[in-house]
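Worksheet: one structure, shown below.
Both backbone and side-chain heavy atoms feed into the values below; hydrogens, waters and symmetry mates do not. Proteins come first, then strands; the chains are lettered A, B, ... in the order of their sequence lines, and each starts at number 1. The structure displayed is predicted, hence computed values, not measured ones.
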2 protein chains.
Amino acid sequence: MTAKKLTLNLDFHSGLPIYTQIVAQVQSQLANGVLQPGDQLPTVRALAEELRVNFNTIARAYRLLDEARVISTQQGRGTYITEIPPPKVGKKMKAEVLLALAERFINEAQRLGFSEPEIGQMVRTQLQLRKEAEEKSKE
Amino acid sequence: MTAKKLTLNLDFHSGLPIYTQIVAQVQSQLANGVLQPGDQLPTVRALAEELRVNFNTIARAYRLLDEARVISTQQGRGTYITEIPPPKVGKKMKAEVLLALAERFINEAQRLGFSEPEIGQMVRTQLQLRKEAEEKSKE
DNA sequence: CTTGCATTGTACTAATTGTATCATTGTATA
DNA sequence: TATACAATGATACAATTAGTACAATGCAAG
């Protein structure tokens with residue numbers, strides 16, 4: 001078993017759902033390089049025991065991360081950080097698709113208590129970071 | 001689970017609304033140190049049964065305390081005395097969650113072939129629409 | 001190579017908890 | 001008394017987490 005330790009810090013009284021906190025921290029640790037592509041995450045049951053929560057809560061977090069292509073969960077095998085960044089296989093360039101995505105994102109953020117300015121600021125920052133990263137990689 | 005006992009003394013003939021008495025006594029016990037930040041309060045139903053009152057009355061009291069930032073009520077979880085010490089940690093974690101949310105959204109949009117300017121434009125548009133809707137509803 | 005079993009994630013359901021909405025009650029006041 | 005309004009109650013709903021059973025995978029024993 002080569003699963004990483006995955007140290008998570010949950011706040012049970014923050015008003016944020018456990019599964020949301022897990023998703024956030026895994027993505028954060030991936031962005032920080034603490035987690036690397038190919039790393040195996042703890043099993044849903046192992047992490048559940050460590051965090052003292054039900055393993056379905058972990059499964060829910062993993063499912064969200066899987067849907068976001070951040071990790072790959074495989075029944076009977078385990079869960080791994082996705083090896084290659086998601087392929088850009090855009091074919092439906094329809095504005096409606098992007099609109100729906102944006103609405104889902106904004107709704108979820110607002111549901112969790114974030115204000116519209118906060119949301120806008122975060123998106124601007126993230127897009128700017130990616131833009132800079134692209135320019136740097138071109139050199 | 002670890003909910004405090006929360007001994008309240010209600011006077012049903014004082015002319016003071018039940019929910020007002022609950023609010024006052026919770027605040028009083030917090031000031032006295034009987035209740036500590038992080039403590040979990042009884043569920044609305046448990047406290048309602050103990051006090052022989054409808055649980056909506058408890059919910060109303062909890063809602064007022066929540067609006068006063070004295071407690072944090074969380075659907076599906078419970079209600080907790082607000083943690084004062086780690087405002088920094090709380091903020092940091094919230095930022096992390098929003099960041100993760102934004103990253104998921106942007107990743108998915110890019111995976112579908114949308115460009116960064118397109119994504120930014122869509123979010124700006126949606127936020128602007130909501131802002132206008134809010135202002136209109138205020139009139 | 002096959003079989004059995006342990007490990008791992010999945011699906012579905014149940015339980016727990018707060019929320020929203022409207023109805024009822026009771027009381028003050030015109 | 002009639003009416004208006006605040007307090008409380010009833011009911012249905014939504015969000016989160018937990019429980020249970022199952023399916024896929026891999027590995028080791030035979």
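In this model, the phosphate group of dT8(D) is not approached by any side-chain N or O of Tyr19(B) to a distance below 4.0 Å at OP1 or OP2. Proximity of Asn54(A) to the phosphate of dG19(D): a side-chain N or O atom is located under 4.0 Å from OP1 or OP2. Applying the 4.0 Å criterion to OP1 and OP2 of dT7(C), one finds that Thr43(A) has every side-chain N and O outside that range. Within the structure, every side-chain polar atom (N or O) of Thr57(A) is placed at least 4.0 Å from both OP1 and OP2 of dT16(D). Side-chain N/O atoms of Thr73(A) include one lying less than 4.0 angstrom from OP1 or OP2 on dT10(C). Distances shown here put every side-chain N or O of Arg77(A) at or beyond 4.0 Å from the OP1 or OP2 atom of dG9(C).
In this structure, CG of Leu41(B) is placed 19 Å from P of dT16(C), rounded to the nearest angstrom. Taking atom CG on Leu64(B) and atom C1' on dT19(C), their separation rounds to 14 Å, with Å as the unit. Following rounding to the nearest Å, Tyr62(B) (OH) and dA20(C) (P) show an atom-to-atom distance of 17 Å. Here the P atom of nucleotide dT16(D) and the CG atom of Leu10(A) are 15 Å apart, to the nearest Å. In this structure, Asp66(A) places its CG atom 17 Å from P of dT8(C), rounding to the nearest Å. We find that CD of Glu67(A) is positioned 16 Å from P of dG9(C), with the value rounded to whole Å. Atom CG of Leu65(B) is separated from atom P of dT19(C) by 12 Å (rounded to the nearest Å). Leu16(B) has its CG atom 14 Å from the P atom of dT27(C), to the nearest Å.
Side chains of Gln25(A) and Gln29(A): no donor on one and acceptor on the other come within 3.5 Å. A donor atom on one side chain and an acceptor atom on the other are not found under 3.5 Å apart for Asn54(A) and Arg60(A). With 3.5 Å as the limit, one finds a donor-acceptor pair spanning the side chains of Gln110(B) and Glu116(B).
Across all strands shown, Arg60(B) has heavy atoms under 4.0 Å from base atoms, whether or not it also approaches the sugar-phosphate.
Nearest nucleotide to the Val44(A) side chain, out of dA7(D), dG9(C), dG18(C): dG9(C). Which of dG9(C), dA20(C), dG18(C) sits closest to the side chain of Asn56(B) comes down to dA20(C). Nearest nucleotide to the Arg111(A) side chain, out of dG9(C), dA15(D), dT17(D): dA15(D).
In summary, Arg45(B) and Glu49(B) do not engage in a salt bridge, as defined by a charged side-chain N under 4.0 Å from a carboxylate O.
When all heavy atoms are compared, the tightest approach of Leu101(A) to Glu108(B) is CD2-CG, 3.7 Å.
When each of Val53(B) and Gln75(A) is assigned the nucleotide of DNA chain D bearing its nearest heavy atom, the one mapping closer to the 5' terminus is Val53(B). The 5' end of DNA chain C is approached more closely, in terms of each residue's nearest nucleotide, by Gly76(A) than by the other of Arg45(B) and Gly76(A). Comparing Arg52(A) and Phe55(B) by the nucleotide of DNA chain D whose heavy atom lies nearest to each, the residue mapping closer to the 5' end is Phe55(B).
Listed for the Gln126(A) side chain is no donor-acceptor partner under 3.5 Å among the backbone atoms of Ile106(B).
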